[in-house]
Every structure is written in C-alpha cells, then in structure tokens.
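First the structure, in the form of structure tokens, and then the observations on it.
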Amino acid sequence: MLLSFILIPFVTALLLLFIKNDKSANTIAIVSTLGTLVAAIVVAGNGAVDFNAPWIPVLHAQFLLHADGLATILVLLTAISFPAIIIATSQNQPKQKNIFLSLLLFTQCGLMGVFLSGDALLFYFFWELALIPVYFLSSIWGGERRIAVTFKFFIYTFLGSLMMLIGIIYVYMHTSDQSFLITSFAKANLIGGQQVTAFALFFIAFAIKMPIFPLHTWQPDAYEQSPTAVTMVMSAVMVKMGLYGILRWLLPLFPTAFVAHIHVVVILSVIGILYASFIAIRQDDIKRLIAYSSIAHIGLMNAAIFSHLQIGIQGAMIQLFSHGINVLGLWIVADIIEQQTGTRSMQQMGGLAKKQPTLAILLVGFALANIALPLTNAFVGEFLMFNSLFQYNVWVGAAAGVSIILAAIYTLNMVQKVAYGEVSTQINQMQTINKPAQIVLIFLLIIVFVTGVFPQPLFDLTADSLQQIFVK
Amino acid sequence: MNAIIVSAFLGVVMMFASWSIKGENKQKNIALFGLIFLILANLAQMNGWFVAEVETNNMLSFTRFGLYTNTLFYCLTFIYIWINGEEISKIGNHAADFYALFFFILCGASILTSFNNLLMLFIGIEILSIPLYILTGSDKKSLFSNEAAIKYFLMGSFSTGILLLGITFIYGATGSFNLIPPDPSILNEQFMYSAGLILIFAAMNFKVSAAPFHFWTPDVYDGAPTVFTSFMATIAKSAGFIAFINIYLVQYKPFEKTWGIILPLVIVSTLMVGNVTAVFQRSVKRMLTYSSIAQAGFMLFALYGTSSFANEGILLYMVVYSLASIGIFAVLVKMKENSFEAFHGLAKTHPLIAFLTTVFLCSLAGIPITGGFFAKYYMINAVLIAGAGIWLVVVAMIFASISVYYYFKLIQAMYFVPGTPAIGELDKTYTYKLAVIAILILVLGVFPNLLFNYLYF
C-alpha cells in the first residue's frame with residue numbers, strides 16, 4: 001500500500017514524458033494524483049503496514065516505508081495539494097506541458113518518499129529527489145530572473161542537504177548495528193559533544209529548507225519567480241519537509257542537544273516571525289506578500305516545536321496540515337487574478353467583489369484562515385502553539401503574539417485593496433473563472449472550516465506520533 | 001604478472017599494426033580485441049592461472065585488490081576506445097600508434113597497482129608518463145598541443161627526478177628499496193628518511209595533480225587534444241592515485257602525527273584551487289580540467305583509509321568519475337568550440353545528448369541517483385571512520401556545493417538559454433554509446449555494491 005505513494009507518481013511521470021498532447025497529459029496527471037489521494041484517504045482511515053525491502057546490503061540500507069500519524073497527515077496534505085494544484089492551474093498553458101507535469105509528479109514522488117521513509121539514507125535520497133525536479137521546473141518555466149534565483153535556492157538547499165549527509169554518516173558510524181534505520185539511529189551511542197555536532201549538521205539542512213531567519217533570503221525570490229504551480233508546491237508542501245525533519249529526526253534522535261538549543265532557535269524564529277510580518281506589510285506584490293506571510297507562519301510553527309512542550313508540538317503537527325491548505329487557497333486565488341489581469345501589484349487591483357463576487361468571497365475566506373480567526377482551521381493549531389509559547393516564556397509569547405496583529409494588518413490590507421474600492425481597469429478585464437478552479441477552491445474552503453470546527457480527527461491521527469516523542 | 005606481460009606485448013603488436021594493417025576501423029577493433037584479451041588474462045590470474053611464471057623477488061606483489069583495479073582500468077579503457085575510436089583516428093596519421101601508447105600506459109598502470117618496491121614504483125610511473133607526454137603533443141600542427149607537451153615533459157621529468165631523489169634518500173636511510181613499514185630502530189639517519197618522504201610526497205602529488213603541485217594540469221589538459229585529455233584525466237590519473245595510496249599507507253601511516261597535519265592541508269588546498277578556479281572559467285574544457293583537480297581532492301581522502309570503505313570508495317570514485325568524465329569529454333569532442341556559449345540551446349536541438357550530459361554533470365557534482373553520490377558517500381565515510389575530524393568533511397562538502405555552481409552552469413547553458421548550439425555531426429550510435437555510460441552511472445548510483453561483488457570472493 002505505502003509503495004503506491006511512490007510508484008503511482010513515478011510511473012505516471014515516466015509515462016507523461018511520452019504523451020505529447022497537452023489535454024490528455026493533463027487528464028492523466030489529474031487521474032494519477034486523484035488515485036494517490038484515494039490511497040492517502042484509505043491509509044489515513046485504516047493505517048498501513050510497513051513496506052520493507054533490502055536496498056544496499058553492503059551498507060545495511062533498507063527501503064523501509066513507514067506511516068505513523070505525522071507521516072500520514074503530511075502524505076494526506078501532499079495528496080490533496082497535487083490534484084488541487086494541477087486542476088486549478090490546468091488553464092495555464094506552459095510550453096511542453098507534459099514535461100512540466102512529469103517533473104511535478106517526480107516532485108510528488110520525492111515528497112512522499114521524504115515523509116514515508118524510515119531509513120536515513122532513503123530519506124536523503126528522496127530529499128534530493130524532491131529538489132531536483134523543482135530546480136528544472138522553476139528554471140525553465142519561471143519568471144524573468146528565474147535562472148539566478150532558482151540557482152540560489154538550489155545551491156542553498158544543496159549545501160544544507162550535504163551537511164545533513166555528513167550528519168547521517170556520522171550517526172550511522174555510532175549505531176551499534178551499523179544501520180540507517182531510524183530505530184537504530186535513535187539508539188545510537190552519541191555522547192555530549194557528538195550529539196551537538198550531529199544536531200548542528202541536521203539542523204542546518206532543515207533550517208535552510210523551512211527557512212529560519214537568517215537563512216531565508218532565497219525564499220521570497222524563489223516564490224515570486226517560480227511558475228505558480230511550483231510556488232504552490234513549495235509553500236504548501238515543500239517547506240513542511242524542514243519542519244517534518246525536525247519532528248521526525250532531530251527531536252527524537254538528539255534529545256539532549258535539542259533541549260540545549262531551544263532558546264537560540266526560539267529566539268531566531270521569533271525574530272523571523274516579526275521580521276517577515278513587518279516586511280509583508282510593506283509589500284505591494286501579492287505573491288511576495290503571501291511568501292512573507294508564509295515565512296512568518298512557518299517561523300511560528302518552528303518556535304512552537306522548539307518550545308518543547310507537548311501542546312506546542314501538537315499544535316504544530318496540526319498546523320502543518322492547515323497551513324498547507326490555507327496557503328494553497330491563497331495562491332490559487334492570486335494565480336487566477338494574475339492569469340486574467342496580468343498584474344501582481346495590489347495597487348492595480350480593486351473592486352474584485354463587484355466584478356467577481358464568488359472569487360472575492362473565497363479570497364476573504366482564506367484570508368480569515370490566514371489570520372487564524374476562530375472557526376477556521378488555523379485557529380486550532382495557532383491557539384495551541386501560542387499557548388505553549390506563553391508557557392515557555394511570557395515575553396517570547398507576547399512578542400510572537402504581536403504577529404497575530406501584524407498578520408491581521410497585512411492580510412486585511414490585502415483584502416481591502418483587492419476586493420473593495422473602485423473596479424480597476426485590470427480587474428475589469430476579468431472574465432468568468434473556470435469551473436474546475438472554483439470547485440477546487442470551494443473544496444479547500446470546506447476543509448478549512450470543517451477542520452476548524454471539528455479538528456478531532458487531526459488530533460486522533462497525530463496522537464501516536466506525539467506519544468512517541470513524549471513517552472521517551 | 002599476466003597483465004603486465006600481455007599489455008606490453010599488445011603495445012608492440014599495435015605498433016606493428018600501424019603499418020601492416022590498413023584502415024582505422026580495423027586497428028580500433030584490434031585494440032578492442034586486445035583489451036578483451038588483456039581483461040581475460042588478468043581475470044585468469046585472479047583465478048590462479050599464469051601466462052608465465054616470473055620470479056619477481058617480491059618486487060611485485062599481486063593482491064586481489066590490485067588485480068581487480070587492473071580489470072577496472074582495462075574495462076574503462078575499453079569503453080573509452082569504443083566511444084572515442086573515430087575521434088582518435090582524426091588526430092595524426094597513424095591511429096594504431098596511439099593505441100600502442102594506451103597499452104603501454106596500461107602496462108605502467110598494472111605495475112603501479114602491484115609494486116612492492118620503490119624501483120618498481122619509479123619504473124611504473126615512467127612507463128605511464130612517457131606515453132602521456134607523447135599523447136599531449138600528438139596534434140603536431142597545433143601550437144597549443146606542442147606547448148602543452150613540452151611543458152608537461154619538462155615538469156614531468158623534473159618531478160620524476162624529485163621522486164628518484166626521494167627514493168635514493170630512503171634507500172640511504174634504510175638500505176632497501178622494498179616497500180616495508182619503517183622500523184624506527186633501524187633508522188640511523190632519521191633526517192634523511194624524512195627528506196625522502198617529503199620528496200616522494202611532492203612527486204606523487206604532482207602526478208595526481210594535487211595542489212600546490214597542480215600548475216601543469218590546466219595548461220596540459222587544455223592544450224592536449226580533447227580525446228586524449230579524457231584519457232589522461234581519468235584512467236592515467238587514477239593509476240597514479242592507486243600508487244599514491246599504496247605507498248602512503250605503508251610508508252607514511254606510521255608517522256601519522258606529522259603527516260596528519262600535512263595531508264589535510266593538501267586536500268583542502270586542492271579542493272579550494274580546483275573548485276574556486278573552476279567557477280571563473282569561460283571554457284568548458286578548462287572548467288573540466290579544474291574540476292578534475294577538485295575531484296582529485298576528494299580522491300585524496302582515500303589516503304586516510306585503512307577501512308574497507310576507503311578501498312571500495314577509491315574504486316567506486318575512480319570508476320564513476322572516469323565514466324562521467326569520459327562521457328562529458330566525448331560530448332565536448334563533438335562541439336565546434338569549447339566555450340559555454342557553444343552549448344546554448346542544446347536541449348532543444350539534441351534533447352538526448354543534453355540529458356546524458358546532465359547525468360554526467362550530476363554525477364560529477366555528486367547528486368543522488370547517480371554514482372557520484374555514492375562515490376562521495378564512501379569517501380566521507382572512510383574519512384570519518386579514520387577519525388580525521390569532522391571539520392575536514394564539512395569543508396569538503398562546502399566545496400562540493402561550490403562545484404554544483406559550475407557544473408550546473410553548463411546545464412543552464414544547455415536548457416535555459418536559447419540559441420543554436422555549435423555541435424558537429426552526430427550519428428545515432430554515438431548517442432547510444434553515451435547512453436550506455438549514463439546507464440552504468442545510474443545503476444552504480446542505486447546499487448553501488450555491484451562493483452564490489454567481485455572484489456572479495
């Protein structure tokens with residue numbers, strides 16, 4: 001069962017290379033991703049047995065796929081995001097669409113592997129596999145400054161992953177049975193300084209990926225310059241790789257080093273949250289605004305995880321899913337506006353509510369979720385996370401809390417500029433929105449409110465992972 | 001022993017073939033058959049069957065590792081000639097002469113994998129080097145080629161002289177040419193012994209183009225005809241590495257306190273010179289020569305090794321690096337000029353070639369799913385097991401991410417910049433031959449253990 005998450009996207013991606021017709025390529029991609037979604041729902045409902053096969057016997061590396069609650073929730077997010085993205089952007093016509101979709105599915109394959117692998121070397125393999133297609137996607141189909149920007153992103157992340165590779169080998173050498181399995185890693189005999197070294201090597205990779213201030217400089221540019229479908233993948237799913245890495249590898253494997261560094265990381269994260277929020281307020285480009293808002297939210301999740309309290313980590317686990325859904329919704333709305341008006345500047349927008357009432361309502365819905373208003377899904381996670389930050393330290397909690405106000409300022413400012421006011425000439429050009437994109441948005445909005453009112457399934461799903469972290 | 005005898009004999013055969021057999025294609029086929037014969041002879045020795053019993057007085061010792069390395073050299077040479085045969089015959093008048101030189105180089109390489117005596121080291125290096133000088137200058141009408149040859153010859157002979165002086169000092173100190181771990185009590189002249197070690201170290205660094213003895217490399221590799229650069233930078237260089245490792249582990253390891261400081265310095269400066277200079281190159285060929293220096297820095301990690309990781313690692317690194325370099329030089333040979341601009345738009349006109357080049361470059365950069373990843377992996381593991389300190393690995397990895405910059409610059413030129421590539425005629429079979437290399441690299445990138453299966457039983 002778990003192997004299907006790797007195989008379905010992989011095989012479809014290979015198949016797509018040979019399908020020249022844009023329409024049928026699109027259909028195949030949609031069918032494949034929907035198939036993955038069905039599989040993900042089944043696994044989320046019933047659980048799945050591990051898949052285990054020998055891989056490189058000399059090194060004792062195994063092809064082990066394992067799905068606990070944390071992995072399942074991210075697999076579910078990935079499985080929801082990809083069909084949503086492909087359907088919502090199916091009107092966009094990049095040249096050589098089949099290759100575009102193929103690379104997108106390779107990315108999905110890599111992401112699924114990252115979330116499912118229970119073997120460190122396999123994890124590293126998929127970590128890179130998720131990165132390389134994105135490099136090509138953004139460099140070929142991106143905006144004007146795409147090559148330089150994507151290159152910066154690539155080298156940044158590649159450096160991070162090489163450091164992680166050293167870390168993996170370092171821990172591997174200290175395992176008693178010379179194995180890459182996460183269970184052996186957890187038992188590795190690392191004392192004092194060794195644990196700090198390994199912690200640092202892993203942390204750099206995750207910190208670059210999330211990204212944590214001051215390693216964030218690649219992100220706004222990369223988001224802005226990538227084709228929208230790729231930006232959606234990056235901000236809805238890919239940034240979660242870093243947070244997932246911390247929850248899955250960093251925290252359980254190096255507990256002492258983790259505890260020793262919580263203050264530094266929490267403070268860096270809080271600086272990042274405030275910094276990104278203030279910059280977001282000044283943005284006029286809607287894509288950049290969402291990018292900075294995303295940095296702020298990811299920073300908050302990271303701070304909550306590093307507060308090292310059960311409630312904060314629980315909140316972060318749920319927010320991993322919720323943030324993905326919300327930001328996806330915002331991106332899709334922004335993309336529809338950009339595709340039809342050709343502008344990203346909010347100065348030139350206005351009057352969306354008069355011209356396109358449905359789209360405006362959807363935008364407001366996702367905007368409210370972005371501020372984490374009660375009844376939306378983000379409220380549940382953020383409430384828990386702020387709670388834990390206050391328990392960790394009142395002043396830190398207060399500083400992070402300011403970000404709620406800042407989020408309200410920039411998000412509502414965006415809504416005001418885009419939805420209200422006089423109908424601008426650009427917005428006036430807009431025609432009816434295509435039905436599939438609208439359906440996707442409504443579907444996402446339903447998830448936002450359902451999980452906002454009734455979040456219990458998400459709690460149940462992540463309960464086992466949480467227990468694992470805290471029983472030790 | 002089989003390999004040394006047969007390769008020398010085949011060299012002579014090829015020399016005669018150059019006037020007795022007409023037709024370049026035939027000569028190439030003879031060389032390929034000769035290589036198969038050589039591989040079989042070598043495999044025969046691995047299984048205990050000898051062409052001739054030769055008493056070497058323990059000057060040569062044939063280990064499983066050395067013999068297996070030989071096999072890999074021959075296989076790589078086979079692939080190299082199989083792909084580059086046509087290009088070789090375009091240079092000079094008698095292609096068979098070059099094949100003869102290849103066999104002599106292989107003869108030298110076979111000695112370098114099995115020497116147990118410093119004189120044999122010297123002879124092996126000379127047999128390997130002299131044909132290389134000739135290959136460098138083989139394009140007689142090109143001034144660059146001539147300049148490169150004379151430079152290589154002068155500097156090469158100079159370094160050989162240094163090597164010889166070092167050997168003499170060691171002989172003076174120990175009274176023996178044999179490669180045996182030094183015994184402190186016998187060493188009556190400690191200073192002479194150290195001087196010998198330093199001189200040999202410098203000479204060997206010269207042969208593998210490690211900084212600060214790398215200055216000849218860019219000019220020589222750049223000046224030599226591209227087909228031969230491909231051979232020099234891969235197989236010939238790897239043989240030098242095997243020799244270096246062999247002598248280092250015996251003679252230098254006992255003095256780990258002293259050499260433990262010098263070796264990391266050499267590695268870091270090699271990595272720095274190679275990677276940082278490669279970033280600024282405007283010619284792909286020159287970029288690749290600096291990248292070969294950078295890769296040498298990684299291969300030097302094998303000097304740390306006493307573990308199986310070091311042994312397996314150097315073999316894997318050698319094979320993967322050689323395959324990728326042979327592949328990329330084979331593409332470069334077909335380009336009309338060596339600049340990055342020549343590659344603009346290649347992905348549009350020749351998608352398969354562009355994809356294969358990408359695989360080669362990714363392998364050189366060490367990206368997973370290609371063999372280059374596991375090559376680097378084994379090296380890191382070897383160094384960490386040897387306890388060399390994690391800082392060295394971290395520095396090496398920072399340089400590895402710099403290397404991504406210049407390798408991917410070529411990928412960018414092929415895929416993202418529109419233009420018409422300056423590429424010559426390519427037939428289908430040539431592309432398929434390159435595809436075979438790429439497949440080998442990808443297979444080794446997922447199952448690296450395939451390479452070692454034959455090493456042990």
Side-chain angles (χ1 to χ4, degrees), chain A residues 17 54-61 63 95-96 99 106 110 113 121-132 135-136 138-142 146-148 150-152 154-174 178 193-194 197-198 200-201 204, chain B residues 307-309 312 316 347-348 351 355 358 362 365-370 373-374 376-387 389-409 411-417 445-453 455-456:
Chain A
L17 291 176
W55 177 34
I56 305 171
V58 199
L59 300 173
H60 307 285
F63 201 99
K95 52 184 197 262
Q96 291 184 301
I99 296 180
F106 275 124
L121 198 61
L122 192 66
F123 175 74
Y124 180 80
F125 246 63
F126 281 120
W127 181 276
E128 291 284 330
L129 187 64
L131 171 66
I132 291 161
Y135 170 72
F136 281 95
S138 300
S139 297
I140 298 177
W141 287 280
R146 63 186 187 274
I147 294 179
T150 318
F151 206 26
K152 182 174 166 190
F154 185 78
I155 289 190
Y156 245 105
T157 353
F158 191 69
L159 179 66
S161 38
L162 284 177
M163 293 301 137
M164 181 167 75
L165 178 64
I166 303 175
I168 290 175
I169 298 173
Y170 189 72
V171 181
Y172 168 74
M173 278 168 41
H174 290 89
Q178 298 286 302
Q194 295 177 334
T197 312
L201 290 168
I204 290 174
Chain B
S307 57
S308 63
F309 273 107
E312 293 170 1
L316 185 65
K348 272 267 154 50
F355 174 73
T358 308
C362 283
I367 285 172
I369 348 180
T370 61
F373 165 69
F374 273 112
K376 286 210 167 65
Y377 173 91
Y378 270 75
M379 285 300 169
I380 300 171
N381 210 340
V383 177
L384 287 179
I385 286 178
I390 206 159
W391 68 270
L392 183 60
V393 185
V394 171
V395 170
M397 284 297 140
I398 290 172
F399 284 121
S401 50
I402 293 178
S403 79
V404 170
Y405 179 82
Y406 53 84
Y407 291 131
F408 273 58
K409 220 161 78 175
I411 295 183
Q412 288 175 353
M414 291 189 301
Y415 278 90
F416 313 141
V417 187
V446 185
F447 303 107
N449 48 320
L450 291 178
L451 193 68
F452 315 129
N453 283 345
L455 184 58
Y456 293 116

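For a residue to count as touching a neighbouring chain, one of its non-hydrogen atoms must lie under 4.5 Å from one of that chain's; by this rule A:L159 touches chain B with backbone and side chain alike. Contacts between A:L129 and chain B at a heavy-atom distance below 4.5 Å involve the side chain alone, from C-beta outward. Looking at A:I132, the atoms closer than 4.5 Å to chain B (heavy atoms on both sides) all sit in the side chain, from C-beta outward. Using a 4.5 Å cut-off between heavy atoms, A:T197 contacts chain B through its side chain alone, with no backbone atom that close. In this structure, chain A has no heavy atom under 4.5 Å from any part of B:A347. Heavy-atom distances place the side chain of B:F373, and not its backbone, under 4.5 Å from chain A. Only the side chain of A:F154 has a heavy atom closer than 4.5 Å to any heavy atom of chain B. Heavy atoms of B:I385 lying under 4.5 Å from chain A belong to its backbone as well as its side chain. With a 4.5 Å cut-off on non-hydrogen atoms, B:Y378 touches chain A through its side chain but not through its backbone. Proximity to chain A involves both the backbone and the side chain of B:F416, based on heavy atoms less than 4.5 angstrom apart. Within the 4.5 angstrom heavy-atom criterion, only side-chain atoms of B:T358, from C-beta onward, approach chain A. Interface remark: B:L450 contributes no atoms to any contact with chain A (heavy atom separation under 4.5 Å). When heavy atoms are compared at a cutoff of 4.5 Å, A:W127 does not approach chain B at all.
Here the closest heavy-atom approach between residue B:T370 and residue B:C362 is recorded as OG1-O, 3.7 Å. Closest approach of B:A400 to B:S403, counting heavy atoms only: O-OG, 2.5 Å. Closest non-hydrogen pair, B:N381 versus A:M173, comes out as OD1-CG, 3.8 Å.
With sequence neighbours left out, A:I155 forms a side-chain contact (heavy atoms from CB on, under 4.5 Å) with A:F151, B:V404, B:Y405. Among residues two or more places apart in sequence or in another chain, the side-chain contact (heavy atoms from CB on, under 4.5 Å) test is passed with B:V417 by B:H344.
Highest contact tally toward chain A, considering only B:I411, B:I402, B:V393, is held by B:V393 [criterion: heavy-atom pairs under 4.5 Å].
There is no side-chain donor-acceptor pair under 3.5 Å between B:Q412 and A:S139.
Side chains of B:F408 and A:T150 form no contact here, defined as non-hydrogen atoms less than 4.5 Å apart. In this structure, the side chains of A:Q194 and A:Y170 come closer than 4.5 Å at one or more pairs of heavy atoms.
With rounding to the nearest 0.5 angstrom, the CD1 atom of B:I367 is 9.0 Å from the NZ atom of B:K376.
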